[in-house]
Amino acid sequence: MANLKTSEKKSKAQSMGMHTEVLTGRTQQKFFNPDEAENFYYFGTYDVDFNKRTDLDVKDMSAPEANKEIDNLMSQGYGTIVIKNPQGKHSLGVGILNKLNLIFEGSLGYFGMGSCDGPTVRINGRVGWSCAENLMAGKVVIEKNAGSCFGAAIRGGDLICKGSVGARTGIDMKGGTIIIGGDAGAFTGFMMQRGRIIILGDVGINLGDSMYDGTIFVGGSIGSYGSDAVDAELTKSDQDWLKRKLKVAEIGDNFDVSKMKKIVAGKKLWNYDNLEPTEKKGAI
Amino acid sequence: MIGQSIGYRYDVNLLPDYTKITPFLKKYVEAMGWDDLNWLEDVHMGYEEGRPAVFCRNANGWVTIPSSIKLPNNQQDRDMIARELLVKFQMSPKHPLVDLKKAYLKF
């Protein structure tokens, strides 16, 4: 590891006076007034109007070109953007940190809508692997089916697929809600740390394998439980929340949530201190 | 600390009670075009160094609750206060990411 203490070269952050010390783990203190004027948007983001609408045909554009054009339209105040001819391109709509109403008329390829924070998105087609990976906030609705790793590592927001999804849905998720109208594949909720997954249909083998925390609700049959995934009691509070969430997702109008199964972490994998020596012993 | 399990400082699975939503949060979700609390459903009031606090995932640190704010005696009401305070902190020009953005933003 580089010895940062003896380095004479200042980083840009240091030259701006943001800090002079090396990383020591000290608490950084920032003060702000919670009574300051109401502001609902990140500092420096675009002020867009949902009623200002435009179309963008991306047929002859690469994904970076299309994403830059979306950014350009937001800078002009467009709050509703309809993307025509996405034609399964990969990485479309990534990195949007703004409030926005985005509509895709077609299907997306891999990593569509990744790392977003705020937009409301409707995709009138299918999506490939890792749709909405690392979603921080917002709502993404897919009208048809989705590929594997749907909602990988999301940290917040609502991710909805009205059709069925592939394997490893919600892998490593750290928050947010994933709602599946159809079926889900194997290893759904693999290593999830928090957040909620709702599956109205059936789910494959190893559900919630090695989940650290979080909740999975299943309406159909379960192929098998993964390591440390256990049943829990479905409470009245759970049912009220499920009804509300399905209404938001525009699916399962007449679905009987009282018959859903609730799966949580057994928390036997929580203590890594105890596991580590056993693993070492096994290796020797 | 490597290898130690660090527990959460609140019940991460606690679902929000929407009857407790504050006027500020109502305005916020309307402004964003959402139907509910969205990402704020995962925000709860915890503690840091013995003081009530809310975790800011963007700054990767705890924001302590000012002592001037009187806290109710139930977690659902406290969570709503935490959500409101966190939105105000994250949208403030004094948020640490504003300085980081100036220093490191590439495009």
Side-chain angles (χ1 to χ4, degrees), chain A residues 11-13 15-16 18 27-28 30-36 38-44 50 68 71 79 99-101 117-120 135-139 155-158 174-177 193-196 212-215 235 237-238 240-241 244-245 247-248 264 269-273 276, chain B residues 2-8 11-18 24 27-36 38-43 48-49 56-59 61-66 68-69 81 84-105 107:
Chain A
S11 70
K12 192 173 178 183
S15 63
M16 288 175 72
M18 286 167 57
T27 301
Q28 182 192 26
K30 276 273 182 181
F31 298 94
F32 86 109
N33 180 8
D35 297 324
E36 62 192 54
E38 286 182 0
N39 178 23
F40 298 137
Y41 314 115
Y42 286 129
F43 184 76
F50 283 141
K68 275 185 186 169
D71 191 72
K99 97 170 193 182
L100 178 69
N101 188 15
D117 191 344
T120 300
L135 180 73
M136 296 291 277
K139 182 179 169 186
R155 297 195 66 167
D158 293 339
K174 301 171 182 75
T177 307
Q193 291 157 44
R194 60 186 296 192
R196 299 148 299 277
Y212 189 88
D213 217 321
T215 316
T235 64
S237 165
D238 291 329
D240 291 345
W241 178 83
R244 163 180 274 277
K245 217 61 186 174
K247 195 175 173 189
V248 168
V264 298
L269 299 178
W270 270 38
N271 198 337
Y272 296 106
D273 287 331
E276 201 173 11
Chain B
I2 292 170
Q4 284 193 357
S5 70
I6 301 168
Y8 291 114
D11 177 8
V12 296
N13 297 326
L14 183 67
L15 297 169
D17 179 354
Y18 278 86
F24 175 87
K27 276 193 214 170
Y28 171 66
V29 296
E30 275 172 25
M32 292 302 290
W34 299 330
D35 306 298
D36 60 10
N38 200 271
W39 70 279
L40 291 170
E41 288 193 336
D42 288 295
V43 174
E48 168 74 351
E49 294 177 344
C56 175
R57 62 190 188 180
N58 290 358
W62 290 88
V63 183
T64 50
I65 311 294
S68 58
I69 295 179
I81 290 171
E84 187 172 320
L85 191 74
L86 185 60
V87 170
K88 288 176 177 175
F89 177 63
Q90 289 200 345
M91 309 311 163
S92 164
K94 291 180 181 170
H95 191 275
L97 282 196
V98 175
D99 289 339
L100 287 172
K101 203 173 169 183
K102 282 177 197 162
Y104 297 114
L105 188 72
F107 52 85

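Every chain is numbered from 1, with letters handed out A, B, ... down the list of sequences.
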> Looking at B/Ala31 and A/Phe50, what are the two nearest heavy atoms and their distance?
Replying inline: O-CE1, 3.9 Å

> Would A/Lys174 and B/Asp42 count as a salt bridge (charged side-chain N to carboxylate O under 4.0 Å, His left out) if you check the C-alpha gap in whole Å, the side-chain angles of each, and the deciding distance to 0.1 Å?
Replying inline: CA-CA 9 Å; A/Lys174 301 171 182 75; B/Asp42 288 295; over 6 Å; no

>> Please give me the minimum heavy-atom distance between A/Asn39 and B/Val87, naming the atom from each residue.
In response: O-CG1, 4.5 Å

> Closest approach of A/Phe40 and B/Tyr28, non-hydrogen atoms and distance?
Replying inline: O-CE1, 3.4 Å

> Given that the side chain runs from C-beta out, which part of B/Lys101 has a heavy atom under 4.5 Å from chain A: side chain, backbone, both or neither?
Replying inline: side chain

>> Working note: A/Phe43 + B/His95, criterion side chain to side chain contact (heavy atoms under 4.5 Å, CB included); need CA distance, chi angles, decisive distance, verdict.
In response: CA-CA 9 Å; A/Phe43 184 76; B/His95 191 275; over 6 Å; no

>> Less than 4.5 Å to any heavy atom of chain B: does that hold for the side chain of A/Thr177, its backbone, both, or neither?
In response: side chain

> When rounded to the nearest 0.5 angstrom, what is the spacing between CG in B/Asp35 and CG in A/Asp158?
Replying inline: 8.5 Å

> Within the distance-only criterion (no hydrogens, no angle test), does the side chain of B/Arg57 pair as donor or acceptor with the backbone N or O of A/Arg155 below 3.5 angstrom?
Replying inline: yes

>> For A/Lys245 and B/Glu41: C-alpha separation, side-chain torsions, deciding distance, then whether salt bridge (charged side-chain N to carboxylate O under 4.0 Å, His left out) applies.
In response: CA-CA 11 Å; A/Lys245 217 61 186 174; B/Glu41 288 193 336; 3.3 Å; yes

>> Using modelled atom types and a 3.5 Å cut-off, is there a donor and acceptor pairing between side-chain atoms of A/Lys99 and backbone atoms of B/Gly33?
In response: no

>> If I compare all heavy atoms of B/Trp39 with all of A/Gly156, which pair ends up nearest, and what's the gap?
In response: CB-CA, 4.1 Å

> Quick one: CE on A/Met136 to CG on B/Asn38, what's the gap to the nearest 0.5 Å?
Replying inline: 12.0 Å

>> Please identify, among A/Pro119, A/Ser237, A/Gly79, A/Gly138, the residue contributing the most non-hydrogen atom pairs under 4.5 Å to chain B.
In response: A/Gly138

>> Heavy-atom pairs under 4.5 Å with chain A: which of B/Val43, B/Thr64, B/Leu97, B/Val98 has the most?
In response: B/Val98

>> Which atoms of B/Asn58 are under 4.5 Å from chain A, going by heavy atoms: the side chain, the backbone, both sets, or neither?
In response: side chain

> What are the two closest non-hydrogen atoms of A/Tyr42 and B/Gln90, and how far apart are they?
Replying inline: OH-OE1, 3.6 Å

> To the nearest 0.5 Å, what is the distance between CG (A/Asn101) and CE (B/Met32)?
Replying inline: 11.5 Å

> How long is the span from the CG atom in B/Leu15 to the CG atom in A/Asp238, to the nearest 0.5 Å?
Replying inline: 5.5 Å

